[in-house]
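See structure below.
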Amino acid sequence: MLRIETASIVGDRDVCDETGVAPAIHYSSVFAAQSEQDFTAMSTRPQHPENYTRYGNPVHERVKAVMSQLEGTETALVTGSGMGAMTATLLALVRAGDHVVAQRQHYMSTANLLDGMLRRLGVEVSFVDQTDALCFARAIRKNTKLIVLESPANPLLELTDLADVAQTAKSRDVLTVADNTFASPMNQQPHALGVDIVVHSATKYLGGHHDLTGGVICTSHTLAERIWHTHVTVGSVLSPMDAWLLLRGIRTFPLRMERINQNALALAQFLCAHPDVEEVKYPGLDCHPQFALACRQMRGFGGVLTFRVKAGAEAAKRVVASLRIPQMAGSLGGVNSLAVHIATMWGGTRARTADTDAIPDDLVRYAVGIEHIDDLKDDLSQALDSGCSGG
Ligand SMILES: *Cc1c(COP(=O)(O)O)cnc(C)c1O
């Protein structure tokens with residue numbers, strides 16, 4: 001088993017017999033058979049189809065090979081976005097009358113999928129406090145088919161005890177799916193902790209440059225086959241160009257993630273000591289209420305931190321607007337830092353899951369990039385000074 005730093009570079013080498021050192025982009029929506037026999041073979045292997053890009057493309061195969069190694073799963077599927085991955089997975093595994101257990105905090109569109117689309121299709125969903133593993137166990141019913149997990153969860157950086165919940169789920173014959181976007185496989189491997197399906201927005205750390213939209217589903221051959229049939233129907237297809245950009249991003253992903261982990265921890269510590277900051281939420285801080293769990297299930301703590309500005313919501317907005325290095329944009333995972341005032345970004349669009357009201361209106365999310373830490377600190381320092389001096 002190769003280490004992540006090596007697998008990200010050579011993990012796809014045996015997939016396609018091309019001689020280029022860099023992979024080719026197969027910019028074709030359809031592939032021709034060499035013979036009638038060949039066409040029959042292509043068409044009767046639905047899980048490995050090479051005849052139509054919605055079904056599969058040689059660049060997809062490379063991404064799948066690398067990602068299954070990074071997450072330690074048998075195989076992987078690629079999709080046109082993180083939401084494409086989550087939607088295909090959930091729609092494949094539940095039907096009307098089933099019950100799903102999810103967290104009180106999820107990525108906004110995931111919350112909408114659970115609270116809106118699934119309910120509309122007749123699936124019951126319970127939202128539980130993810131910081132207490134017992135809540136998941138208590139929420140399981142006779143018709144529970146799936147537990148949806150996300151750790152750390154946006155935007156309060158609360159953690160879920162993945163090993164504990166996965167073990168409970170297994171003993172009750174319930175499948176688990178974990179969104180591993182915030183941690184990334186560098187910092188956390190949910191499958192090694194017992195989770196059945198690992199989902200990613202590749203738009204974030206894996207792509208790493210804010211220039212592509214993509215998703216990945218890492219799981220067993222059996223579950224991948226089940227999900228694949230829904231995936232090709234949903235039609236969330238990764239374009240060959242974005243697949244190629246993603247592969248290129250993955251080559252440097254471990255290197256970027258190392259720097260991002262370091263920068264975020266340093267910035268979180270800096271904010272903790274700052275007089276204008278009320279509270280910092282980052283799993284790598286020993287003041288995080290779940291620091292012990294973070295150390296148990298994560299190797300690094302990721303690039304997203306949130307903090308509350310003492311002077312209140314208006315000051316928090318001014319701090320974000322005063323930042324010179326991070327642009328004001330609602331994403332994460334790229335080489336460049338981004339920052340947002342959470343309440344403004346969400347407006348009225350978030351699903352009303354159990355705990356939406358727990359999001360303070362003075363909360364700033366800072367998604368750390370790979371810039372020099374001293375420049376990030378200096379910039380944050382001047383932004384806090386000007387944002388909190390009274391506008
Ligand atoms: C961005 C994100 C998604 C959705 O991914 P898209 O690629 O934008 O569809 C899902 N989960 C988390 C945690 C994310 O950050």
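Counting begins at 1 with the first residue of the sequence. When a ligand or atom number is given, it counts from 1 through the structure's own listing order.
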Check: For ligand 1, which atoms have a heavy atom of G214 less than 4.0 angstrom away?
Finding: 7 (O)

Check: Which atoms of ligand 1 sit under 4.0 Å from any heavy atom of E150?
Finding: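 So the atoms of ligand 1 that pass are 13 (C).
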
Counting both backbone and side chain atoms, is some N or O of [X] under 3.5 Å from an N or O of ligand 1?
| X | value |
| --- | --- |
| G84 | no |
| S201 | yes |
| F182 | no |

Of the protein's non-hydrogen atoms, which lies at the shortest distance from [atom], and what is that distance?
| atom | value |
| --- | --- |
| atom 9 (O) of ligand 1 | M83 N, 2.8 Å |
| atom 6 (P) of ligand 1 | G82 N, 3.3 Å |
| atom 2 (C) of ligand 1 | K204 NZ, 2.5 Å |
| atom 7 (O) of ligand 1 | T203 OG1, 2.6 Å |
| atom 3 (C) of ligand 1 | Y107 CE2, 3.3 Å |

[Y] versus [X], side-chain donor and acceptor atoms under 3.5 Å:
| X | Y | answer |
| --- | --- | --- |
| R299 | N261 | no |
| S322 | R318 | no |
| E150 | T110 | no |
| Q327 | H210 | no |
| Q290 | T131 | no |

Notebook entry, point to check: Is there a heavy atom of G333 sitting under 4.0 angstrom from any atom of ligand 1?
Noted result: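 Not so, G333 does not reach ligand 1.
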
Item checked: ligand 1 contacted by D179 (non-hydrogen, < 4.0 Å) ->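 D179 counts as a contact of ligand 1 under the 4.0 Å cut-off.
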
Note to self: Quick check for you: to the nearest 0.5 Å, what is the distance between I260 atom CD1 and F253 atom CZ?
What the structure shows: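 I260 atom CD1 to F253 atom CZ measures 9.0 Å (nearest 0.5 Å).
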
Margin query: Less than 4.5 Å apart, side chain to side chain, heavy atoms only: is that true for L113 and M86?
Written below: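 Yes, their side chains come closer than 4.5 Å.
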
Check: Under the criterion side-chain contact (heavy atoms from CB on, under 4.5 Å), which of V199, L114, V123, I197 is the partner of L90?
Finding: L114

